[in-house]
Every structure is written in C-alpha cells, then in structure tokens.
Amino acid sequence: MTIIYLLSQWRTANIKHLTAFLVCKMSNTLNLFENMKFENSLAFAQSLDAQDELRKFRSFFHIPKAQSGKDVIYFTGNSLGLQPVTAKEAVLQELEDWAKLGGEGHFEGKNPWFSYHKLLTEPTAKLVGAKSIEVVVMNTLTVNLHLLMVSFYRPTAQRNKILMEGGAFPSDQYAVESQVRFHGLAPETTIVEIFPREGETYLRTEDITQKIKEIGNELALVLFGGVNYYTGQAFDIQSITQKAHEIGALAGFDLAHAAGNIPLRLHDWEVDFATWCTYKYLNSGAGGTSGVFIHEKYADNQDIPRFAGWWGHDENERFLMKKGFKPMRGAEGWQLSNAQILPMAVHKASLELFEAAGMDKLWAKHLKMNQFFYFLIDEFNQSQTKIQVEVITPKDENQSGCQLSLVIKGVGKKLYNFLMENGVSTGWREPEVVRIAPVPLYNTFEEIYSFVELLGKF
Ligand SMILES: *Cc1c(COP(=O)(O)O)cnc(C)c1O
C-alpha cells in the first residue's frame, strides 16, 4: 500500500516536473507568441490584461502613487520590488510573538524562530530549481558571496584565475578583488574579465566558453552574474558551468537579477554555488535577506574550508554549546547566525505569492509582455524620427528576462527625467541606459502601452 502510494506520489511529482520542463523547452525553442497579432491601441492592451490569468496578483502589492494621484508605472522591480500587502501582517505576527513570548518565541511562537529559515527552504528550492538540501536563506548577498568564495575559491600556484563578465556589478568586483588579495594574489593578473566584441552590446556564449577553454588549467573559478544588471543579458548558466567543469574549474553565479525573474534549474545544470538578494524581483524589502545554493555534491563534505558559526552547527547539538564544529548537511551548514526573523517574515510573505502564481505562468506572461513591448517599440520607431529607441538587451528569450535596457541616443537622461515627472519609474544607469523591467507579478499590458505612448509626447 505504502509503496503504491509512494510510487503514485513519485509519478505525480515527475509528471509535474516533466510538464514544467516541456513547457519551458517549448517556449525556449519555438516562439509561442510569434503568430500572435498585436494591435497598437489602449483597448487592445486592456484586452490582454482582461485575458491575463495572473491579473489579480497586482492587487496583492502596494503600488506607489504619482503626484497626479494615479498609480506610478513601476518598471523598477529589478531594482527594488514592490511591497506585498501581506508583508506587514507577516512582520506584525513576529513582533507580537516577541511581545507576548519574549525568548520563548524561539520554540513557542506561531512560526518558531529556531527553525524559521526552514519555512523558506521549499519555496526557495522551487524558485531556483534546487533540492531542499541545496538552499538556505541567510545574511545578505555580498556577505554570502564572500562566504561562498572562502569555500569554493581555493587558488593554487597553478590554478588561481577567476573569470568574470566585464562590468560586473561593483559589489561583486570589490568582493572578488578583495578575495584575491586575501590569498596574496594580484587582482590585475588573477581576474580575467570578458567583454562583448567590438560594436556588440552583449556577450556571445561561444566567446565565454572559448575564453574558459583558453585559460584552461589556470582557471580556478568562473564567477558570473545570472542576468547582467546593465544590459539585462541572461547568461547561459548551463553551458558556462559545463565548460568550466570540463577544464577542471568551478562555476558560481550571482543571481541578484535572475532569481524570481528567469527559470532556473541550478541542480540539473550542476552549478557549484550561487547566491542572490531578495529585494529585487523577489520583493522582500530593502536590505532584505539573501538566498544561497550549494550543490548537493558538497552536502556531506565536511572538509571544505568554511567560515563557521553556531547556526551552521548540527541543530540537534546546537544548544549543547560544545566545542568542535559539526556542520549541518548541505547549505544550512554554511549559516553563521540565528535567523533574521523580520526580513525573513517579509520574504516568506513574498515567496507565498510566487508559490501561488507559479514561475512557469509568470514566465509565460513575461514572454507575452516582452513581445508586446517589441511590437509597440517597432511601431514607435517607424512612426517618427525624433527619437529612436534601441534595445541593447538580447531579443532572444533564452538570453533575457524582464529587464530591457534602452539606449535613446542624444536624450538619455533627459528622457529618464521626463518619464519620472510623468509617473513612470525607470532606472538610469550611466553612461546611457534607461532600464525598464515590466514584471509579470504586478505590471500590466496597459502600462507597457502607456509607457510607449508617453515616449511620443517627449
Ligand atoms: C543588487 C546587486 C548586489 C547588491 O548586493 P547587496 O550585498 O545585496 O547590497 C550585488 N551584486 C549584484 C549583481 C546585484 O545586482
């Protein structure tokens, strides 16, 4: 009986997995919306919203108001995601337990703090395509990047180089440079940066894998973003990881702009480690907590050097306060401190929305939003000659997520200010990029239409 039950569970799980995989593959290989006929009108945009099965999710977020009193068109969810309406309640719950129970809240609270981080494990694992043993939520992004490099950047005289995408987010550059110096090496000769070809705006995967091959047995680590914060390019994590492994290096990823944005399958892609913040697409509040992935193959390896703390110690013996660090299995063994309950409460509320919406449905809506945007921008560029919008993000849906990086020659920052004054929140990045990120959880087709319409009034 039990066996039959288990088998049926296993089958359901696998069929679900397979379906998700097929949907993902289909949308990867053929363009589901290629034949979709778009129209350049407000009524059409509104009809797309009316058909959108995720449209109710917008009401689960606080949308900032413009001076006009209307909702801001918030296209900066890639920078700081909006507040889930349920976040306040989730934080209040923990404040109340603290008020009522004091320290007893660790075990007696509604969500006992001793194991609070575990409430985040399953939804996190789903989000990044991991097993639960492979993920933990802790600390903040740059801190985790350091902790992970302590364990997975182990340079030797022969093999010590790190390959990064050129123009990586500054915090990553500083973290990597300081790690290299920490090992007594020189950043100038140890860190290799790869840039797009002359005249091109983003990296070609074949150039990345070629570079990995070229550095060969001198390469210790490939440390790449999942999605570049400037161009919006989504990298081919699987191919990069595979190539790194082929030549004996490890592959780690900063998924700040990828988690909650693009479909991820970190376990299957055999990524060694990854980390991400939760305040961008994951809507968990400024300075919020961070997620970590460490592949299952390291789960039982107690010899990996790490910077340890009591929360990484075997939980059954954690309060015996004994000498001798004994790590938890898997990613939890990298924890340092007791869980940051308040930011985690916000993160929990946000992850529940991702659970309810489903990453596959969010991705499908994203693809449709992107198609609509490209359709409108093409029409816009053809309709006048005053300003021309160039999108430097790859158009290929395998190489991009929600963020679209726009270059509008000659008017960049002025246009950004104009949009701001007219209730559209976009991101300006020197020297010439306006970043917009229509996100499927709370943005609408109408907002995309209004944005392009507004460009015509500049
Ligand atoms: C947002 C972002 C950071 C920020 O790091 P924090 O430690 O959370 O302040 C770092 N790296 C990348 C790639 C980012 O996009």
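One-based numbering along the sequence shown. Since the model is a prediction, treat every value here as computed from it, not as a measurement. Just so it is clear, the values below take in all heavy atoms, side chains as well, and ignore hydrogens, waters and symmetry mates. One-based numbering, in listed order, for ligands and for the atoms of each.
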Identify which of L141, N144, T140 has a heavy atom lying nearest to atom 10 (C) of ligand 1. L141

Any atoms of ligand 1 less than 4.0 Å from a non-hydrogen atom of K280? List them with their elements. 1 (C), 2 (C), 3 (C), 14 (C), 15 (O)

Heavy-atom distance under 4.5 Å between the side chains of L362 and F57, does that happen here? no

For H257, take its heavy atoms, then give the atoms of ligand 1 lying under 4.0 Å from any of them. 15 (O)

Using the test side-chain hydrogen bond (donor to acceptor under 3.5 Å, both in side chains), find all partners of H106 that sit at least two apart in sequence or belong to another chain. none

Between N144 and W276, is there a side-chain heavy-atom distance shorter than 4.5 Å? no

Please determine whether any non-hydrogen atom of D172 lies less than 4.0 Å from an atom of ligand 1. yes

N or O pair under 3.5 Å between S171 and ligand 1: no

Just to be sure I read this right, does ligand 1 sit under 4.0 Å from the backbone of T142, its side chain, both, or neither, counting only heavy atoms? both

Residues forming a side-chain hydrogen bond (donor to acceptor under 3.5 Å, both in side chains) with Y298, sequence neighbours excluded: D272

Parallel, tilted or perpendicular for F375 and F372, by the 30°/60° rule? parallel

Give the atoms of ligand 1, by number and element, whose distance to some non-hydrogen atom of Y279 is under 4.0 Å. 1 (C), 4 (C), 5 (O), 6 (P), 8 (O), 9 (O)

Relative to each other, are the rings of F75 and F451 parallel, tilted or perpendicular (30° and 60° limits)? perpendicular

